[in-house]
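First the structure, in the form of C-alpha coordinates, and then the observations on it.
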Amino acid sequence: MVSAWILAVLILLCMANVFLLAVLAYSGRGKTDKPTKIGFGFMSVVLVLNMVFSIGGVVLW
(Lines give C-alpha, C1' and ligand atoms only; values in the text may rest on other atoms or scores of the structure.)
Protein backbone atom coordinates (compact mmCIF):
# COMPACT_ATOMS: atom_id res chain seq x y z
CA MET A 1 0.00 0.00 0.00
CA VAL A 2 1.26 3.45 -0.88
CA SER A 3 1.73 5.68 2.12
CA ALA A 4 0.49 9.24 2.19
CA TRP A 5 4.05 10.56 2.48
CA ILE A 6 5.22 8.80 -0.69
CA LEU A 7 2.12 9.95 -2.54
CA ALA A 8 2.74 13.55 -1.49
CA VAL A 9 6.36 13.41 -2.64
CA LEU A 10 5.31 11.87 -5.97
CA ILE A 11 2.73 14.60 -6.54
CA LEU A 12 5.33 17.25 -5.73
CA LEU A 13 7.82 15.64 -8.12
CA CYS A 14 5.27 15.48 -10.94
CA MET A 15 4.23 19.10 -10.36
CA ALA A 16 7.89 20.18 -10.52
CA ASN A 17 8.37 18.23 -13.76
CA VAL A 18 5.27 19.81 -15.32
CA PHE A 19 6.55 23.24 -14.28
CA LEU A 20 9.95 22.51 -15.85
CA LEU A 21 8.25 21.32 -19.05
CA ALA A 22 6.32 24.59 -19.19
CA VAL A 23 9.55 26.56 -18.69
CA LEU A 24 11.21 24.56 -21.48
CA ALA A 25 8.28 25.18 -23.81
CA TYR A 26 8.30 28.91 -23.03
CA SER A 27 12.05 29.38 -23.37
CA GLY A 28 12.33 27.11 -26.41
CA ARG A 29 9.87 29.01 -28.56
CA GLY A 30 11.49 31.14 -31.19
CA LYS A 31 14.74 29.18 -31.14
CA THR A 32 15.86 28.48 -34.69
CA ASP A 33 19.21 26.76 -34.39
CA LYS A 34 19.18 22.97 -34.51
CA PRO A 35 21.43 22.16 -31.50
CA THR A 36 19.24 24.24 -29.20
CA LYS A 37 16.08 22.52 -30.43
CA ILE A 38 17.70 19.10 -29.95
CA GLY A 39 18.78 20.06 -26.42
CA PHE A 40 15.33 21.27 -25.44
CA GLY A 41 13.78 18.15 -26.95
CA PHE A 42 16.14 15.90 -25.02
CA MET A 43 15.40 17.69 -21.75
CA SER A 44 11.67 17.38 -22.38
CA VAL A 45 11.95 13.65 -23.03
CA VAL A 46 13.95 13.16 -19.83
CA LEU A 47 11.35 15.03 -17.77
CA VAL A 48 8.44 13.08 -19.26
CA LEU A 49 10.21 9.76 -18.70
CA ASN A 50 10.99 10.82 -15.14
CA MET A 51 7.27 11.32 -14.50
CA VAL A 52 6.31 8.03 -16.17
CA PHE A 53 8.86 5.94 -14.29
CA SER A 54 8.12 7.66 -10.97
CA ILE A 55 4.42 6.90 -11.24
CA GLY A 56 5.10 3.41 -12.59
CA GLY A 57 7.52 2.66 -9.76
CA VAL A 58 4.95 3.57 -7.13
CA VAL A 59 2.29 1.51 -8.89
CA LEU A 60 4.57 -1.52 -9.03
CA TRP A 61 5.68 -1.05 -5.44
Side-chain angles (χ1 to χ4, degrees):
M1 185 117 192
V2 178
S3 70
W5 188 83
I6 292 175
L7 191 61
V9 171
L10 176 67
I11 290 171
L12 183 65
L13 175 68
C14 287
M15 287 175 49
N17 283 336
V18 169
F19 175 72
L20 288 173
L21 279 172
V23 169
L24 279 173
Y26 180 75
S27 63
R29 64 186 173 106
K31 303 293 183 192
T32 56
D33 55 315
K34 191 172 182 174
T36 303
K37 284 187 176 264
I38 291 172
F40 280 125
F42 180 75
M43 287 187 287
S44 298
V45 168
V46 168
L47 288 172
V48 169
L49 287 175
N50 185 14
M51 284 189 289
V52 169
F53 286 121
S54 296
I55 294 169
V58 168
V59 170
L60 288 175
W61 183 34

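Only this structure's heavy atoms are used, side chains among them; waters, hydrogens and symmetry mates stay out.
Contacts classified as side-chain hydrogen bond (donor to acceptor under 3.5 Å, both in side chains) and involving residues 14-24 (residues at least two apart or in different chains) are not found.
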What donor-acceptor contacts under 3.5 angstrom involve side-chain atoms of residues 18-26, with partners at least two apart or in another chain?
unit_1 : atom_1 : unit_2 : atom_2 : d
Tyr26  : OH     : Arg29  : NH2    : 3.3

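To the nearest 0.5 Å, atoms CG (Leu13) and CD1 (Ile55) are separated by 8.5 Å.
Evaluation of the side-chain hydrogen bond (donor to acceptor under 3.5 Å, both in side chains) rule for Thr36 yields Asp33 as partners, not counting sequence neighbours. Applying the side-chain hydrogen bond (donor to acceptor under 3.5 Å, both in side chains) rule to Ser54 yields the partners Asn50; only residues at least two apart in sequence or on another chain are considered. A search for side chain to side chain contact (heavy atoms under 4.5 Å, CB included) contacts involving Ile11 returns Leu7, Met15, not counting sequence neighbours.
Residue Leu49 is found in a hydrophobic cluster whose other members, listed by chain and number, are Val45, Phe53; membership requires side-chain heavy atoms under 4.5 Å apart, directly or through intermediates.
Hydrophobic clustering, with ILVMFWY side chains joined whenever heavy atoms are under 4.5 angstrom apart, groups Met43 together with Met51.
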